[in-house]
J.: 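Sharing a structure, written as structure tokens. Questions coming.
The structure presented is a predicted model; accordingly, all values stated were derived computationally and were not measured. First listed ligand is number 1; within each ligand, the first listed atom is number 1.
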Amino acid sequence: MLHDVSVLLRRGRVVEIETDDDTDGGEDECENVECDGLIAMPGLIDCHTHTTFAGTRVADFVQRLGGTSYTAILEGGGGIHTTVQATRMATTDELTFLTTARLEEMLGHGVTTVEIKSGYGLDLKTEGRMLEAARASSGPVEVLPTFLAHVLPRGRDRDEYLRELLDVNLPALAPLAVAVDVYCDDGAFTLAETEAILRRGKALGLRLHVHAEQVAHTGAAALAARLGALSADHLERIDADGIAAMARAGTVAVLLPGAMLYLRDICPPVAALRAAGVPMAVATDFNPGSSPVNNLWTAATLACLTMGLTVEEALAGITRNAARALGRSDLGWIGPGSAADIALYAPPIGEPPSVEVLVQHLGGTRAEQVWKAGERVL
Ligand code: NIG
Ligand code: FE
């Protein structure tokens with residue numbers, strides 16, 4: 001952490017970090033913004049979300065508290081399928097409105113880049129509308145849309161649907177997305193199906209992510225590493241082979257403490273990931289079912305408290321490593337050449353200005369100022 005510095009921004013980039021002594025007034029054309037007492041962070045990056053959706057899953061929450069499992073609800077036609085029904089019924093304008101409002105809230109926490117997955121349409125038309133709504137919502141918050149092969153639609157023949165996904169839906173939707181993701185799990189896609197979808201996506205020029213090893217151990221993390229995916233996400237049930245494969249390939253482990261908490265799940269093997277040198281990111285997994293959490297600071301704090309990350313790992317997880325999970329080396333740091341994405345925070349009342357204190361306090365952190373690509377957006 002640097003103290004008493006000035007950050008010089010020009011044309012959407014950070015040009016220089018100056019200690020106050022060498023601010024020589026040679027930059028007369030500069031507009032000066034006073035940030036006394038504030039803590040500057042790189043604009044935060046939420047690298048795994050399902051922000052575009054309609055409807056509610058409050059009934060699942062109550063059912064799960066009563067002891068029914070996430071997979072049992074899903075296989076009974078609820079869970080994700082409930083959100084699919086509501087999302088299919090919503091207009092594109094409604095989806096855009098909901099997404100925009102949710103991003104506005106995230107911006108208030110200092111989040112400047114958000115990955116958003118489709119996956120609540122399951123048919124060509126609604127998946128396309130979801131991706132369009134996510135793209136249309138890209139205001140001050142930059143949106144990176146991902147096509148998500150989430151689950152098989154109810155009542156469809158498995159092989160026929162898979163054919164359609166590979167031959168029709170993916171090629172048609174690839175231009176609307178920057179990445180493809182597959183939920184490889186019990187109640188969703190098998191490992192072989194996941195491989196076929198990822199390979200097709202890769203051939204279409206998309207980046208790869210995988211929902212891996214969440215409910216069941218499937219080998220999806222090792223597959224992700226083998227295919228050059230940017231990230232494998234969740235990882236509650238990853239094994240030693242999966243960890244070794246991710247370490248070799250440099251695949252980012254995206255940890256999602258919101259889903260772990262809401263599903264009252266076991267913890268991913270963080271110590272083993274750390275020991276193997278796997279880069280770790282932290283994201284909200286914001287969605288109406290398994291993680292109704294849209295505050296990335298909350299996810300960072302929970303990653304420390306429930307998963308055992310250090311404060312430094314949590315901070316890297318919502319900045320540098322989150323950028324890496326999205327393939328964006330310009331984001332997640334502040335220095336000459338980085339994007340001029342900066343969030344400024346006041347410490348909690350009565351606390352000294354330190355970055356640690358922003359992680360220590362659960363969920364309360366709102367930004368005082370936010371800059372995206374050199375523009376003040378909050
Ligand atoms: O990342 N696990 C699968 N997919 C989402 C959950 C989506 C939902 O429950 O609506 C996840 O947790
Ligand atoms: Fe997810």
Side-chain angles (χ1 to χ4, degrees), residues 46-64 68-88 98 102 114-122 126-127 130 134 144-154 179-190 194 197 208-218 220-221 224 229-238 252-266 268 281-294 296 299 302 322 325-326:
D46 201 341
C47 66
H48 178 143
T49 87
H50 308 253
T51 301
T52 302
F53 64 87
T56 173
R57 297 267 287 286
V58 68
D60 288 22
F61 176 64
V62 173
Q63 238 187 313
R64 285 203 313 273
T68 316
S69 77
Y70 181 78
T71 313
I73 295 171
L74 177 64
E75 285 174 345
I80 292 168
H81 298 291
T82 305
T83 307
V84 169
Q85 263 176 7
T87 304
R88 284 179 178 173
L98 289 166
R102 289 171 184 144
V114 175
E115 185 263 10
I116 301 183
K117 300 173 197 299
S118 70
Y120 291 127
L122 310 184
T126 317
E127 290 290 319
M130 283 189 75
L144 301 180
T146 297
F147 172 76
L148 170 62
H150 208 173
V151 293
L152 288 113
R154 308 259 307 156
V180 60
D181 187 344
V182 185
Y183 181 29
C184 181
D185 222 322
D186 282 359
F189 292 95
T190 65
T194 301
I197 298 164
L208 311 183
H209 304 284
V210 189
H211 279 69
E213 327 288 12
Q214 184 192 11
V215 174
H217 171 71
T218 58
L230 288 172
S231 72
D233 307 34
H234 283 289
L235 306 180
E236 279 80 354
R237 288 166 186 80
I238 191 173
V252 178
V254 178
L255 304 175
L256 304 167
M260 175 189 153
L261 184 68
Y262 272 85
L263 301 184
R264 295 190 286 174
D265 207 345
I266 58 168
V282 175
T284 60
D285 195 14
F286 177 47
N287 75 70
S290 66
S291 190
V293 174
N294 80 356
L296 191 54
L302 290 176
L326 297 177

J.: Heavy-atom contact check, 4.0 Å cutoff: does F53 meet ligand 1?
T.: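 It does not, in that no heavy atom of F53 comes within the 4.0 Å cut-off of ligand 1.
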
J.: Angle class for the F61/Y262 ring planes (parallel below 30°, perpendicular above 60°, tilted otherwise)?
T.: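 The arrangement is tilted - the two ring planes meet at 30° to 60°.
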
J.: Quick one: look up the protein heavy atom nearest atom 9 (O) of ligand 1 and list residue, atom name and how far away it is.
T.: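 The answer is Y70 OH, 2.6 Å.
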
J.: Any nitrogen or oxygen of T83 lying under 3.5 Å from a nitrogen or oxygen in ligand 1? Just yes or no.
T.: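 It does not: no N or O of T83 is found under 3.5 Å from an N or O of ligand 1.
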
J.: What protein heavy atom sits nearest atom 12 (O) of ligand 1, and how far away is it?
T.: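 Answer, as residue, atom name and distance: S290 OG, 2.6 Å.
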
J.: To which protein heavy atom is atom 2 (N) of ligand 1 closest, and what is the distance rounded to 0.1 Å?
T.: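 Its nearest protein heavy-atom neighbour is Q214 OE1, 2.7 Å.
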
J.: Of all the atoms in H50, is at least one N, O or S atom closer to the Fe ion (ligand 2) than 2.8 Å?
T.: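 Here the distance criterion (N, O or S atom, under 2.8 Å) is met by H50, so yes.
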
J.: Determine the minimum heavy-atom distance between C47 and A322, stating which atoms define it.
T.: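 Shortest heavy-atom contact: CB-O, 3.7 Å.
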
J.: Any idea which heavy atoms bring V293 and G258 closest together, and the distance?
T.: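 Looking at all heavy atoms of both residues, the shortest contact is CG2-CA, 4.3 Å.
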
J.: H211 vs Y183 aromatic rings, parallel, tilted or perpendicular, using cut-offs 30° and 60°?
T.: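 Ring orientation, 0 to 90° scale: perpendicular.
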
J.: Considering just N/O/S atoms, say which atom of H211 is closest to the Fe ion (ligand 2).
T.: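 Looking only at N, O and S atoms of H211, the one nearest the Fe ion (ligand 2) is named NE2.
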
J.: To check you understand the geometry: which heavy-atom pair defines the closest contact between A134 and T52, and what is its length?
T.: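 Closest approach of A134 to T52: CB-OG1, 3.8 Å.
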
J.: Give the atom numbers and elements of ligand 1 that come within less than 4.0 Å of a heavy atom of Y120.
T.: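 Taking each heavy atom of Y120 in turn, ligand 1 has 7 (C), 8 (C), 10 (O) under 4.0 Å.
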
J.: Numbering the atoms of ligand 1 from 1, which are under 4.0 Å from a heavy atom of H150?
T.: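 So the answer, numbered in order with elements, is 3 (C), 4 (N), 5 (C), 7 (C).
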
J.: Applying side-chain hydrogen bond (donor to acceptor under 3.5 Å, both in side chains) between H50 and each of T83, T284, D285, T146, report the one that passes.
T.: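 Passing option: D285.
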
J.: Could you check whether any side-chain N or O of E127 sits under 3.5 Å from a backbone N or O of G119, counting only pairs where one atom can act as donor and the other as acceptor?
T.: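 Here the side-chain-to-backbone pair exists.
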
J.: Tell me whether R237 is salt-bridged to D185, with the criterion being a basic N under 4.0 Å from an acidic carboxylate O.
T.: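 No, R237 and D185 are not salt-bridged.
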
J.: Relative to the heavy atoms of H48, which atoms of ligand 1 are at a distance of less than 4.0 Å?
T.: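 Listed by number with element, the hits are 1 (O).
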
J.: Give the numbers and elements of all ligand 1 atoms closer than 4.0 Å to a heavy atom of D285.
T.: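 Near D285, the atoms of ligand 1 are 1 (O), 11 (C), 12 (O).
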
J.: Output yes if D285 passes the N/O/S-under-2.8 Å test against the Fe ion (ligand 2); output no otherwise.
T.: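 Yes, within the cut-off.
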
